[in-house]
*Asks:* 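This is the structure I have questions about; it appears just below.
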Amino acid sequence: MILRTPDAFCTLMVSDSDIHVVFVLLWINARVSSFGTISMVYTNILLAAQHADASLRKNAEEEIQRLQENNLADFLFSLSIELAQEGKPPASRKLAGILLKNSLDAKDAVRKAQLIEQWVGMDINVKSGIKGALLGTLGSSVPEARQTASQVIAKVAAIEIPRKEWPDLIASLLSNMTQQTSTAPLKQATLEALGYVCEEVSPQDIAQDEVNSVLTAVVQGMTLSDHGAEVRLAATRALYNALDFAHSNFENEMERNYIMKVVCETAISKETEIRQAAYECLVSISSTYYVVLEPYMQTLFELTAKAVKEDEEPVALQAIEFWSSICDEEIELQDYAGSDSGDSAPPHSQFIKKALSSLVPMLLETLLKQEEDQDQDDEIWNLSMAGGTCLGLVARTVGDDIVSLVMPFVEANIMKPDWRSREAATYAFGSILEGPSVEKLSPLVNAGLEFLLNAMKDKNSHVKDTTAWTLSRIFEVLHTPGNGFSVVSPANLPRVLGVLLEGINDAPNVAEKVCGAIYFLAQGYEDLGSSSSHLSPYLPNMIAALLTTADRIDSGDLRLRTSAYETLNEVVRCANVSDSQIIAQLLPVIMSKLNQTLELQILSSDDRVKQGDLQALLCGVLQVIIQKLSASDDTRSIILMAADQMMILFLKVFACRSSTVHEEAMLAIGALAYATGADFEKYMPDFYKYLEMGLQNFEEYQVCSISVGVVGDICRALDEKVLSYCDGIMSHLLKDLSNGMLHRSVKPPIFSCFGDIALAIGVHFEKYLPYAMPMMQGASEVCAQMDPEDEEMMDYGNQLRRGIFEAYSGILQGFKNSKADLMLPFAAHLLQFIEVVFADKQRDESVSKAAVAVMGDLADTLGPNMKILFKDRNFYVEFLNECLVSDDDQLKETATWTQVMIGRLLVS
C-alpha cells in the first residue's frame, strides 16, 4: 500500500506488515505539524542565500551555518522537508538538497569521515524521516527537486548500505519502476537514483539478486516503447554506472548477449543524447569486459564506423573513445606479458591488429575535420584531436604495422594546397612516432626532417603549429644520441636550431610548440654526460630567445611564458659544465627579473595572482641554476658569492604570501642550503619563521610537504648546527602527523625527515624518541591493515613504509657511536614490520631497498644484541636472496652490504 503524510511530504512503498515505517511516518507527521513558521523561515533563508545582494547572501549564509551548528538533526530534517514540499519555490528546494548532500559528503577524506560519523550517530527516527522525504521527492513535478533528491539518496546509501542500515532501499526504488501508477518523471528520477547509488556504492555491498533486479529495471527502462526519451536516457546513464556490478551477468552468455543487444540497439536511437550515453556504456564495457568482447566486435566496428562518419560530434567522439579504450587495454596486456610477473597473462584478443586495415583509414579521415580556432583554446576537443590521439594509441598497440597504412595518407596530403590536408598529414605523421621501431621510423624521419623544417614557414598557422608539435615529438622519441641514434647530427643541428629560434617568434600557439621542440632537443643531449658540447655554441642565442619569449605580451595567458621558462630550465639543466660561465651570466638576469616583480603595482587580486605566477617561474629557474652551478667545485663559488642577495630576494618573495611562490621559493632555498652547506646557518634566523609557516600550512599541503623536504636539506647542510631549531621543527612535525586535516601524502616525508634530523644531531635526538617512536610504530601498524585491492591506498602504503624505514635508518645511524642501546626496545617491532613488508609481493623496489638497508643498520648499530632476534626471524635470508638477483644495481649493493653486516654479527 501507499502511505502518505497529509501534506504529501513523503511517499513510501511498504508492505502492510511494515509497522516500523508506519511509526516513522506518524513521527514525521508530528514533526511537520509543528513545522509551520519554521518552514517559512527556512524558505526565506534559502532564497536569501541566492540573492543578488551580497549583504543579504552573507547574512543568510551565516544563518545557515548557525542553524547547522545549533542542531544538525533538525537542520537536515528541515532541509529534507523543504526539498519535499511541492509548494515551495524550486530555488529553495534545490539549495536545500545541495546543502543536504554537502552535509553527507566531502572531497577531503578527513572531512568526509567526520560527516559520515555525524550521520551515523544521528537519531534513527530523524534519519528515517529524511530518507522518507527524499524517496517521496522522486515523484515531484519539479525536475531540479527530483534530480537533487536522487543525488542525496545516493549519498545516504553510500554511508548506510555498507553498514546494512538501509536494506529496503533498492526494493523501494525498484517498486517505482513496476507500479502501474508510477509517472514518467518518477521513473526517470528513480533510474537516476539507481545510477547514482551504483556510482557511490561498492559492488560487494549489494547482493547479486538485487544487482539482477537493478539491471532488469534499467534495461527495461532502455527498451520499453512506452517510455519517453527522458526515461530511456536516465536508464542508459544508470546502466553506465551499474556496469561495475554486472560481472556475474557478463559471465553468463545469455545475459551478456541480451545486455549487449540492448546497448547496441540504444546506440542507434533517434535521440542524440541517448546514442551518446549508449556509446559511453560501450566504452566502459570495452575496458571492464574486454575478455568477452570477441563475438560482438564485428557489430561494434560497424556501429562505431558509422557513428564516426555520419553522427553528431558528441556521439562520434564516444565512438572513437571506444577504440582508444580497446587500445589502452591491449597496451596494458602487452606490458603485462612483457613483465616478469609469474602470473599467467590474461587473454589478448588483438582486436586492434585484426581491425587495423579498416580502423586506420577511418581515423585518418577524422584528421581532416579540424576547427579553425582549435590551436587557440586548450578546452577544445574535436574529432580531429580525438582521431589523432586514437591513432597514436593504435601505433603504440601494433607498432611497425601501422606505418604502411599511414604513410600513403601523409604522402598524398602533405603537398596539397588545402591547409586542412597539409595539417592532417603532419598530424598523422607526428601521431605514429611512438610504437614503431627506430629501424622502421628512422628512414622516414631522416627523409622528412628537412621537409618539416621548411614547413615551419607555411602560410597557415595551424600547419606551423602541428609541424612544431611533430618536431618536438621527433626530438622526444628519435633524438637519443646517448643510445647511439639521433635524427639530429652535428651537420644538421645549425639548421634545426636556426628554424626553431626563428619559429619561436611566431604566433603564441606556434611559439609554445617550438619551446617544446627546444626542450626535447636539449634533453636528448643529457645522456651524453657533462662533457658533451653539442649545444655550447648555440647556448647564448637559445637562452636569449627563451628570455625574450617569456617576456612577450601578445600571449593571452601564461602558457607561453610557462613553456619558455620550463624550456630554459631544461636547457640549463642539460648544459655542459664548460658552459658554466654562460649560466653564471644568466643568474643576475633572473635575479633582476625577480626583484622587478617585487616592485609591480598590485591593484587587484588578478594582479596578485599574475605576480605570484611570475615569481614562481623565476624561483624555479633560480633553483635549476643553483643546482647546476653548485654541482661542481669549480663553479660553486659563483653561487656562494650571490647567496646573500638570493636569500634576500627569497625572503621578500615569501612576504607576498602566495602558495605557488612559497613552493618554488622553498625548493630554491633547499637547493641553496645544499650549495652553501654550513654557511646556511647565517640565514636561519630570518628564514626560520617562513619555514614554520610552511610546516603549519595544512590547507595548502604541497607547501607543507615541500617545507618538510627543505628541513631535510637544511639538516644535511648544517648537521649539528641545526640543533637550536630542532625543538620547534620537531614540534611542528609531530603536530602535522597528528593533524587529521593534513593531506596524507605529507606524512611519509615527515617520517623520512625524522631520519634526516637524527642523522644531523646524533645523540641529541634522544629527547624526541618518546614522541617519534610511537608515531612510527603506529604508522607501521596502519600499513599492515591496508586493503591490498585498493591500488591508490597501496601506493600510499609504499610511500609510508619507505618513510618509516628511512626514519629508523637515520635514527639508528645517529645513535651508532653513542647510546645505541636506546633503540633496543624498538628492534623486535621493527624486525617484525620488515617481515610483514617482505610478505607483501606488491611492494616497490624502493621499499625493498629501504627495508634491507634498515636491517643492515640494525645489525651494524646494535651489534651482538641483535643476534638472537635475527636467528629467531630467519625470513631475512630469503629477502636478501631475492634482492641479490634484482636488476637494480643499488638494491643488490645494499643487500650485499646488509648480508655482510648480519653475517658478521652472527659469527661474533
Side-chain angles (χ1 to χ4, degrees), residues 747-748 751-752 754-755 758-759 765-766 768-786 788 794 797-886 890-908:
K747 298 189 176 182
F751 286 117
S752 297
F754 284 174
L759 265 176
F765 196 83
E766 178 183 356
Y768 306 124
L769 281 182
Y771 310 100
M773 299 312 296
M775 290 285 193
M776 291 158 61
Q777 291 180 332
S780 66
E781 286 159 15
V782 168
C783 291
Q785 296 164 8
M786 288 181 178
M794 290 309 295
N798 279 322
Q799 295 168 29
L800 189 56
R801 292 185 293 191
R802 186 171 66 247
I804 295 166
F805 288 140
E806 288 171 353
Y808 273 113
S809 279
I811 296 169
L812 285 164
Q813 290 173 40
F815 287 152
K816 180 181 175 182
N817 296 321
S818 179
K819 298 192 176 182
D821 289 353
L822 288 170
M823 290 301 290
L824 271 176
F826 310 106
H829 186 280
L830 173 55
L831 207 56
Q832 181 183 1
F833 179 42
I834 297 170
E835 186 171 7
V836 170
V837 170
F838 166 63
D840 175 19
K841 301 308 177 186
Q842 296 184 50
R843 66 183 183 277
D844 282 349
E845 283 210 335
S846 62
V847 175
S848 299
K849 197 179 303 178
V852 168
V854 82
M855 276 200 296
D857 289 323
L858 274 171
D860 188 31
T861 299
L862 300 182
N865 293 306
M866 288 298 299
K867 194 170 186 177
I868 295 174
L869 281 175
F870 274 114
K871 283 185 175 179
D872 288 346
R873 293 183 176 275
N874 59 4
F875 74 91
Y876 73 88
V877 176
E878 188 179 347
F879 196 175
L880 291 175
N881 287 337
E882 176 191 303
C883 297
L884 289 168
V885 296
S886 168
Q890 277 192 328
L891 178 55
K892 282 197 287 192
E893 185 180 333
T894 304
T896 301
W897 173 79
T898 297
Q899 191 176 50
V900 170
M901 291 297 104
I902 296 174
R904 190 172 66 187
L905 165 73
L906 293 177
V907 298
S908 62

*Asks:* Can you tell me how far apart CZ (Phe815) and CD (Glu766) are? Round to the nearest 0.5 Å.
*Replies:* 6.0 Å
*Asks:* Measure the CD-OG distance between Gln799 and Ser752 for me, rounded to the nearest 0.5 Å.
*Replies:* 10.0 Å
*Asks:* For Phe870 versus Ala859, what's the shortest heavy-atom pair and its separation?
*Replies:* CE1-CB, 4.1 Å
*Asks:* Under 6.0 Å from the CD atom of Gln890, do we count more than 12 heavy atoms belonging to anything else shown?
*Replies:*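 Check fails, neighbour count at 12 or below.
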*Asks:* Would you give the length of the straight line joining atom CG of Asn817 to atom OG1 of Thr861, rounded to the nearest 0.5 angstrom?
*Replies:*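 Answer rounded to 0.5 Å: 8.5 Å.
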*Asks:* Please report the interatomic distance CD1(Ile834) to CZ(Phe879), rounded to the nearest 0.5 Å.
*Replies:*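 Interatomic distance, Ile834 CD1 to Phe879 CZ, rounded to 0.5 Å: 7.5 Å.
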*Asks:* Taking it one step at a time, do Tyr808 and Met855 satisfy side chain to side chain contact (heavy atoms under 4.5 Å, CB included)?
*Replies:* CA-CA 10 Å; Tyr808 273 113; Met855 276 200 296; over 6 Å; no
*Asks:* Looking only at heavy atoms, what is the nearest atom pair of Cys783 and Leu800, with distance?
*Replies:* SG-CD2, 3.6 Å
*Asks:* Checking Arg801 against Asp840 for the side chain to side chain contact (heavy atoms under 4.5 Å, CB included) test, could you report, in this order, the C-alpha distance in whole Å, the side-chain angles of both residues, the deciding distance, and whether it holds?
*Replies:* CA-CA 12 Å; Arg801 292 185 293 191; Asp840 175 19; 2.8 Å; yes
*Asks:* I need the minimum non-hydrogen distance between Ser809 and Ala853, along with the two atoms involved.
*Replies:* OG-C, 4.2 Å
*Asks:* Do you know which two heavy atoms are closest between Arg904 and Asp860, and how far apart they sit?
*Replies:* NH2-OD1, 3.5 Å
*Asks:* Does the Arg843 side chain pair with the main chain of Ser848, one donor and one acceptor, at a distance under 3.5 Å?
*Replies:*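 No, the answer is negative, given that no donor and acceptor are paired below the 3.5 Å cut-off.
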*Asks:* Suppose we screen for side chain to side chain contact (heavy atoms under 4.5 Å, CB included). Which residues come up paired with Ala827, at least two apart in sequence or across chains?
*Replies:* Leu858, Leu862, Met866, Leu869
*Asks:* Centres of the Phe754 and Tyr768 rings: under 6.0 Å?
*Replies:*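 Judged by ring-centre distance (under 6.0 Å), Phe754 and Tyr768 do not meet the cut-off.
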*Asks:* Sub-3.5 Å donor-acceptor pair from the side chain of Ser780 to the main-chain atoms of Gln777, do we have one?
*Replies:* yes
*Asks:* Applying side chain to side chain contact (heavy atoms under 4.5 Å, CB included) between Thr898 and each of Val852, Asp857, Leu884, Val854, report the one that passes.
*Replies:*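 Testing Thr898 for a side chain to side chain contact (heavy atoms under 4.5 Å, CB included) against Val852, Asp857, Leu884, Val854 leaves exactly one candidate, Val852.
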*Asks:* Considering all heavy atoms of both residues, which atom of Gly803 and which atom of Phe751 are nearest to each other, and what is their separation?
*Replies:*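 Shortest heavy-atom separation between Gly803 and Phe751 comes out as O-CB, 3.4 Å.
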*Asks:* Take a 6.0 Å sphere around CD of Gln785 and say whether it holds more than 12 heavy atoms from other residues, nucleotides or ligands.
*Replies:* yes
*Asks:* For the residue pair Ile902 and Tyr876, what are the closest heavy atoms and their distance?
*Replies:* CG2-CE1, 3.6 Å
*Asks:* Nearest 0.5 Å, please: how far is NE2 in His829 from CE in Met776?
*Replies:* 10.0 Å
*Asks:* Does NZ belonging to Lys816 count more than 12 external heavy atoms closer than 6.0 Å?
*Replies:*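 At most 12 heavy atoms, drawn from other residues, nucleotides or ligands, come within 6.0 Å of this atom.
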*Asks:* Does atom NZ of Lys841 have more than 12 heavy-atom neighbours, drawn from other residues, nucleotides or ligands, at distances under 6.0 Å?
*Replies:* yes
*Asks:* Working to the nearest 0.5 Å, report the span between CZ of Phe805 and NZ of Lys849.
*Replies:* 14.5 Å
